[in-house]
Amino acid sequence: MMNLFLPVIFATGALAGPVQLPGLTVPANAVANKQAVVDIFTESYQAYRKFAFGHDQLNPLSRTPTDPRNGWGATIVDGMGTMDFLEEALDFTSKINFNSSNTPDTVNFFETTIRYLGGMLSAYELTGQQHQFLVDQARQLGNRLSLVWDQGNTIPFNQVFFQNNTLVNELIGIATGGTGAVCSKHTGNDTYRRLAEGGVRQIAALPKPLPGLPAQVLNVTTNQPADGYVTWGGGSDSYFEYLIKYARLTNTDDQIFADNWLTAVDSSIKVLLHTSTVGNHVYLADFDDNRLIRHIGSHLACFYGGNWILGGKLANNDTIFNIGLQLTDACWNTYASDATGIGPEAFAFVSKDGNFTGGSPPTQEQLGFYNQHGFYITNSGYFERPEVLESNFYAWRATGDTKYFDRAASAVTSFNRFLKTNSGFASIGDVNSVQNTRIDDMESFWFAEVLKCRPNPVRTNVEPICSYLTFDDPSHISLDEWVFNTEAHPFPAPPAKPVYGSGVQTESEQPFTGQPGPTPAVSPIVTQGPVATVTATATMNITMAAMA
């Protein structure tokens with residue numbers, strides 16, 4: 001652990017600095033790298049257009065459509081702000097009826113907010129606010145989604161049947177939190193913001209296992225914790241992500257958001273920050289119901305590197321910033337160490353306390369891998385997740401160190417080699433095998449996040465207008481001018497405030513031990529080999545909505 005860093009977390013009087021390195025330019029090979037990403041995007045989307053247009057996603061191996069997001073065309077709306085086929089996407093989106101689901105499934109509040117609301121409102125901003133129907137569609141969907149507060153609950157339900165307005169599943173992850181700021185801004189209806197902020201304020205006020213670190217699972221009907229598990233991974237990730245992002249996006253004078261983020265960081269450095277015994281890789285461990293450290297990590301959790309880089313810059317705190325870079329490097333090691341050059345879904349570390357993951361120790365095979373690479377794999381799938389590359393992007397823009405640029409180029413090469421099919425790009429079942437373990441799934445966030453492209457803000461024709469942001473001119477979508485939601489949809493931000501946070505910790509130690517309970521599923525459950533994924537969610541939204 002790194003307790004020596006603690007005294008500087010709440011230093012007062014520090015002024016926020018720029019997030020991006022001033023004067024940053026891309027290397028000469030950026031043009032070729034950008035084109036490689038454009039080619040992947042175009043090939044993936046053309047396959048979707050041919051075999052699944054109008055549906056949520058394409059199964060690239062079977063060339064069949066699938067509708068895990070209520071059949072509203074998630075790939076189109078999610079990728080709209082980043083694609084060549086913008087006019088077509090705008091036309092399609094204008095005709096969606098968000099009043100009813102096109103499938104018999106529940107509507108997932110979190111996923112619907114980040115993909116649909118976020119996609120439409122970000123596209124509205126990126127196209128120069130030319131298309132009012134995007135706001136109108138967002139209003140229609142936002143009104144329907146407000147059903148998740150229909151029982152007078154402060155914290156939203158995450159699942160609702162639009163067919164009969166029935167709310168289900170009272171247990172949610174704290175990553176399901178709210179929606180509102182951007183939707184309120186453009187519709188003039190402040191209800192969205194108030195509802196969203198209410199959920200966050202309720203979570204912030206609850207007793208916590210560690211200061212600033214809420215229990216992962218909440219009971220919506222009681223507005224109380226349902227367990228005592230703490231993690232920066234799936235089920236909790238977006239809660240922590242949005243605390244500092246919401247403060248930056250809105251420049252609110254209410255310090256609750258930035259102060260809770262800084263308190264969470266402080267507690268994490270005291271308790272969760274560890275280094276592996278091989279390679280000294282820095283990671284944030286989990287903290288379980290029995291108040292034991294679990295030395296585990298995940299692709300989903302790897303957003304924390306970029307989050308701490310951003311927050312460290314906004315707080316002008318080199319300690320947080322530098323730890324963010326170390327977290328990013330450790331996550332990249334999971335890519336660099338695998339046979340495919342792509343990181344796994346879940347992994348673990350060996351720590352000096354000998355506690356492993358809080359459960360069974362690694363197998364001899366896993367231990368052998370650990371002794372070489374400083375981590376071992378516990379779920380070998382890659383499900384087109386963006387978090388490692390997102391943190392790498394923040395590190396590149398903040399430091400200008402070309403190793404981050406080169407890492408992104410390496411990942412693109414691996415995608416072309418191991419994910420490519422005859423009809424798009426697929427997930428894979430084993431990142432440590434060069435054999436074909438492709439899975440019949442191509443997520444909408446493959447377009448919105450992994451292949452993040454930049455549209456010209458005022459062009460709406462169908463000429464090629466996208467480029468992967470790591471390889472793009474850093475002045476485009478500058479991190480000092482835009483804030484990304486958890487689905488990587490950018491929203492313009494006002495000039496930064498002089499400082500974020502009051503410099504006062506939000507709470508002292510408040511030991512809380514919840515009863516171990518059924519934690520919501522937060523990741524695809526995939527057996528090894530080319531079989532379909534079973535997706536589920538419980539992840540959060542703070543009030544950016546569509547920031548979200």
Side-chain angles (χ1 to χ4, degrees), residues 9-10 14-22 113-114 118 121-122 125-126 175 177-186 192-193 196-197 200-201 204 212 232 237-266 303-321 323-324 390-391 393-398 452 469 474-504 506 540-548:
I9 296 302
F10 286 95
L15 299 181
V19 177
Q20 288 199 180
L21 182 70
T113 298
I114 66 174
L121 292 174
S122 181
E125 297 278 16
L126 289 166
T179 174
V182 175
C183 204
S184 290
K185 168 186 171 182
H186 290 305
Y192 306 118
R193 180 197 60 80
E197 283 194 8
V200 179
R201 294 178 189 280
W232 281 73
D237 46 3
S238 298
Y239 172 80
F240 300 117
E241 178 183 5
Y242 278 164
L243 284 175
I244 191 64
K245 284 185 173 181
Y246 185 63
R248 173 66 187 92
L249 179 72
T250 64
N251 276 350
T252 176
D253 291 329
D254 190 336
Q255 301 287 12
I256 186 174
F257 307 101
D259 282 353
N260 270 274
W261 185 83
L262 286 164
T263 303
V265 168
D266 181 72
F303 86 95
Y304 50 39
N307 188 245
W308 284 38
I309 290 169
L310 173 67
K313 283 292 187 181
L314 294 178
N316 197 21
N317 188 303
D318 284 343
T319 296
I320 300 173
F321 174 74
I323 294 174
E390 286 178 334
S391 289
F393 165 68
Y394 278 89
W396 157 247
R397 286 284 183 92
K452 194 63 200 172
L469 284 179
S475 67
H476 297 153
I477 314 296
S478 166
L479 292 176
D480 293 308
E481 299 173 357
W482 297 76
V483 177
F484 293 89
N485 83 333
T486 199
E487 191 77 356
H489 294 305
F491 293 89
K497 294 173 61 176
V499 66
Y500 290 87
S502 67
V504 178
T506 59
M540 157 175 185
N541 216 350
I542 274 190
T543 118
M544 315 176 52
M547 217 283 37

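A quick note: this is a predicted structure, and the numbers were derived from the prediction, not measured.
The shortest heavy-atom contact between S122 and H489 is CB-CB, 3.6 Å. What you find for P492 and W482 is that their closest heavy atoms are N-CE3, 3.4 Å. Closest heavy-atom contact between L314 and V19: CD2-CG2, 4.1 Å. Residue K245 comes nearest to N485 through the heavy atom pair NZ-O, 4.0 Å, listed as atom of the first residue, atom of the second, then distance. Between G306 and S391, the shortest heavy-atom distance links the atoms N-OG, 2.8 Å. Heavy-atom minimum distance, L310 versus Y394: CB-CE2, 4.1 Å.
Counting only distance, with no hydrogens or angles, the side chain of Q20 and the backbone of P474 share a donor-acceptor pair below 3.5 Å. Without hydrogens or angle criteria, N317 side chain to G312 main chain gives no donor-acceptor distance under 3.5 Å. Not a single donor-acceptor pair under 3.5 Å links the side chain of Y246 to the backbone N or O of E197.
Relative ring orientation between W308 and W232 is described as perpendicular, the plane-to-plane angle rising above 60° on a 0-90° scale split at 30° and 60°.
In this structure the side chain of Y242 never reaches within 4.5 angstrom of the side chain of L249, judged on heavy atoms.
Here the straight-line distance linking atom OG1 of T252 with atom CZ of F257 works out to 6.0 Å at 0.5 Å rounding. Note that CG of D237 is 6.0 Å distant from OG1 of T486, once rounded to the nearest 0.5 Å. Distance check, rounded to the nearest 0.5 Å: CZ of F240 to CG of N307 gives 10.0 Å. Distance check, rounded to the nearest 0.5 Å: CG of L126 to CG of L121 gives 11.0 Å. Taking NZ of K313 as the start and CZ of R397 as the end, the distance is 14.0 Å to the nearest 0.5 Å. For the atom pair CZ (F484) and CD (E390), the distance works out to 8.5 Å, reported to the nearest 0.5 Å.
Among residues two or more places apart in sequence or in another chain, the side-chain contact (heavy atoms from CB on, under 4.5 Å) test is passed with N251 by R248, P494, K497, Y500.
For the residue pair D259 and S502, a side-chain donor N or O sits within less than 3.5 Å of a side-chain acceptor on the partner.
Each of V200, T506, I244 was checked for a side chain to side chain contact (heavy atoms under 4.5 Å, CB included) with N260, and the lone residue meeting it is T506.
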